[in-house]
Protein chains: 2
Amino acid sequence: MPDIKHFDPDNALERAERLFWQHGAAKASIQAVTVATGLNRSSLYTTFGGKRELYMAALRRYVRHRSWPAQRRLAEDGRGLPAIRDFFTALIAARCSGEHAGWGCMIVNAHVDGAHTDPEIRALLDEHHRQLRDALHAALETAVEQGQLSPGLATEATAEALVLLAYGVNVRSRTGAAADSLLDTVTATLGLLDGACP
Amino acid sequence: MPDIKHFDPDNALERAERLFWQHGAAKASIQAVTVATGLNRSSLYTTFGGKRELYMAALRRYVRHRSWPAQRRLAEDGRGLPAIRDFFTALIAARCSGEHAGWGCMIVNAHVDGAHTDPEIRALLDEHHRQLRDALHAALETAVEQGQLSPGLATEATAEALVLLAYGVNVRSRTGAAADSLLDTVTATLGLLDGACP
DNA sequence: CCGGTCCTGGAATGGCCGTTCCAGGATAGT
DNA sequence: ACTATCCTGGAACGGCCATTCCAGGACCGG
């Protein structure tokens, strides 16, 4: 009996995600979302609720479609250090070239955008942080098991340091930093791991 | 002949700086600045120009009053690694406790706030980045000279990596991350440096 | 074909935004 | 004391913001 939606909600959410990702929650207006999606205000509000809910949904979509795949690839890659290197290589490529170059990471952007005020966003960011750290920690443990790293390495703290390094890459990429330079930086860091004395 | 200003411009600028620092350029309104400073709109506009100029002035003041002192302390400290450690310790203390806890770093925030659109901001961020990297690089060179680090260390890339680590600390501190955890992370990273094989 | 249900388009609303303007008052040199 | 100069206060402006509302039309089961 009911009418049916004349558009694909997830497709619209992707447009909104891109807008919030690139311009931030404050500067991306509902009007801009309607233009980007081709939807009417009414459809947006009945489908997603207000702007806050729309931003949260977009942020969750970003995590689901952008962060999780990369984290899973890292977590399921059994090669240890090379897996970590590939993770960073792909990260830098995504940040410095292609359609989303200079947009940074929506998760990192959200730290500045809304973490200070909104507890729900903060919880999401904390969970994402924990997951990425765990994935990197697993890769480091694998590297230790395979003899690529010294058994005495503080893998937890090192994993945390690599997460912060990734955040730094994301921050710098917002100014259009060169991929070469970022790659050198990551290489140097992983080189430190490699060369650590037992 | 002229009348004289009935307020201290730099004092007003400091209030504006704090507002922009904490809430970001987009969410801090001129109205909020007038309340925080006690000034009238007219005085703000005749003294600083529009909002963009006010934000730029606040950002410059932040660099001058917050970043430069820490960088100078680091650059003039001749102890090598301990100087770097102290730099990070002070950074984390400033980010996680006291009046500005949870505000992050205004420079890093500006990467998300306005780097994408405004070339002038971008130039400022690039210059700040270069200066911090140079200061860390000098400290690393000192550490190598004093035998604290292996002569083969790639000091430039390592300095860049430390800058990105600092950015990561600033990002995470926006969610109220624990100082202990951040300190452990920094300790682990500096430990990697320390233990690098010659 | 028909009816109830829901989606859609567009206008309307109140509020806050950044910015400007002008009259009035304080100031400092003459 | 006079006057030219500049600062100050407050009102006013147009524009965009997020949000709401309602009428009209599209759909799907019967």
Side-chain angles (χ1 to χ4, degrees), chain A residues 1-60 109-110 112-114 116-118 120-121, chain B residues 1-60 109-110 112-114 116-118 120-121:
Chain A
M1 312 176 174
D3 195 1
I4 256 191
K5 275 188 167 43
H6 296 183
F7 64 95
D8 176 15
D10 185 68
N11 188 282
L13 191 55
E14 189 197 346
R15 308 293 181 106
E17 170 198 340
R18 296 222 269 236
L19 228 65
F20 285 135
W21 179 8
Q22 184 179 8
H23 297 109
K27 289 186 181 171
S29 67
I30 291 285
Q31 167 67 11
V33 176
T34 62
V35 170
T37 59
L39 295 186
N40 193 279
R41 285 177 163 81
S42 308
S43 304
L44 270 179
Y45 276 89
T46 58
T47 308
F48 299 108
K51 189 182 186 183
R52 203 192 92 98
E53 287 87 353
L54 179 59
Y55 177 78
M56 281 300 303
L59 192 56
R60 274 192 256 268
N109 297 354
V112 177
D113 252 13
H116 195 262
T117 41
D118 195 320
E120 198 176 353
I121 294 182
Chain B
M1 318 149 188
D3 194 1
I4 256 190
K5 275 189 166 45
H6 297 182
F7 63 96
D8 176 14
D10 186 68
N11 188 281
L13 191 55
E14 189 197 348
R15 309 294 180 107
E17 170 198 340
R18 295 222 269 234
L19 228 65
F20 285 135
W21 179 8
Q22 184 180 7
H23 297 107
K27 289 187 180 169
S29 67
I30 291 286
Q31 166 68 12
V33 175
T34 62
V35 171
T37 58
L39 296 185
N40 194 278
R41 284 177 164 80
S42 308
S43 304
L44 269 179
Y45 275 89
T46 60
T47 308
F48 298 107
K51 190 184 186 183
R52 203 192 94 96
E53 287 87 351
L54 179 58
Y55 177 78
M56 281 300 303
L59 192 57
R60 275 193 256 267
N109 297 354
V112 177
D113 252 13
H116 195 260
T117 41
D118 196 320
E120 198 175 353
I121 294 181

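Each chain gets a letter, A, B and so on, in the order the sequences are listed, and its residues count up from 1.
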Quick one: [X] [atom1] to [N] [atom2], roughly how many Å, whole number?
X: A:Glu53; N: D:dA18; atom1: CD; atom2: C1'; value: 12 Å
X: A:Leu44; N: C:dC6; atom1: CG; atom2: P; value: 20 Å
X: B:Leu54; N: C:dG18; atom1: CG; atom2: P; value: 10 Å
X: A:Gln31; N: C:dA11; atom1: CD; atom2: P; value: 12 Å

Taking only nitrogen or oxygen atoms into account, show me every contact under 3.5 Å that the protein makes with nucleotides 21-25 of chain C, one pair per line with its distance.
{"from": "C:dC21", "atom 1": "N4", "to": "B:Ser42", "atom 2": "OG", "distance (Å)": "3.2"}

- Closest nucleotide of DNA chain C for B:Ile30 versus for B:Ile4: which of these residues is on the 5' side?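 This one resolves to B:Ile30.
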- Mapping B:Lys51 and A:Leu39 to their closest nucleotides on DNA chain C, which lands nearer the 5' end?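 Nearest-nucleotide comparison on DNA chain C picks A:Leu39.
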- Are A:Arg60 and A:Glu120 close enough for a salt bridge, meaning some N to O gap below 4.0 Å?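 Yes.
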- Query: When the nearest nucleotide of DNA chain D is assigned to B:Thr46 and to A:Lys27 on a heavy-atom basis, which residue is associated with the more 5' position?
  - Reply: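 By nearest-heavy-atom nucleotide position, the 5'-most residue is B:Thr46.
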- Could you walk me through whether B:Asn109 and A:Val112 pass the side chain to side chain contact (heavy atoms under 4.5 Å, CB included) test, one step at a time? CA-CA 6 Å; B:Asn109 297 354; A:Val112 177; 3.7 Å; yes
Can you tell which of [options] lies closest to the side chain of [X]?
X: A:His6; options: D:dA18, C:dT8, C:dC17; value: C:dT8
X: B:Asn40; options: D:dG9, C:dT20, D:dA18; value: D:dG9
X: B:Tyr45; options: D:dC27, C:dT19, D:dC17; value: C:dT19

- Query: Among pairs that include at least one residue of residues 35-56 of chain B, which meet ring-ring contact (aromatic ring centres under 6.0 Å, His included), considering only residues two or more places apart or in two chains?
  - Reply: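 Only B:Phe20-B:Tyr55 qualify under ring-ring contact (aromatic ring centres under 6.0 Å, His included).
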- Item | All side-chain contact (heavy atoms from CB on, under 4.5 Å) counterparts of A:Thr46, not counting sequence neighbours |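 In terms of side-chain contact (heavy atoms from CB on, under 4.5 Å), with neighbours along the sequence ignored, A:Thr46 is linked to no residue.
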- Message: Using the rule given for side chain to side chain contact (heavy atoms under 4.5 Å, CB included), can you reason through A:Leu13 versus A:Leu54, listing the C-alpha separation, both sets of side-chain angles and the distance that settles it, and then say yes or no?
- Response: CA-CA 8 Å; A:Leu13 191 55; A:Leu54 179 59; 3.9 Å; yes
- Which pair of non-hydrogen atoms, one from A:Ala25 and one from A:Asp113, has the smallest distance, and what is that distance?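 For A:Ala25 versus A:Asp113, the nearest heavy atoms are N-OD2, 2.6 Å.
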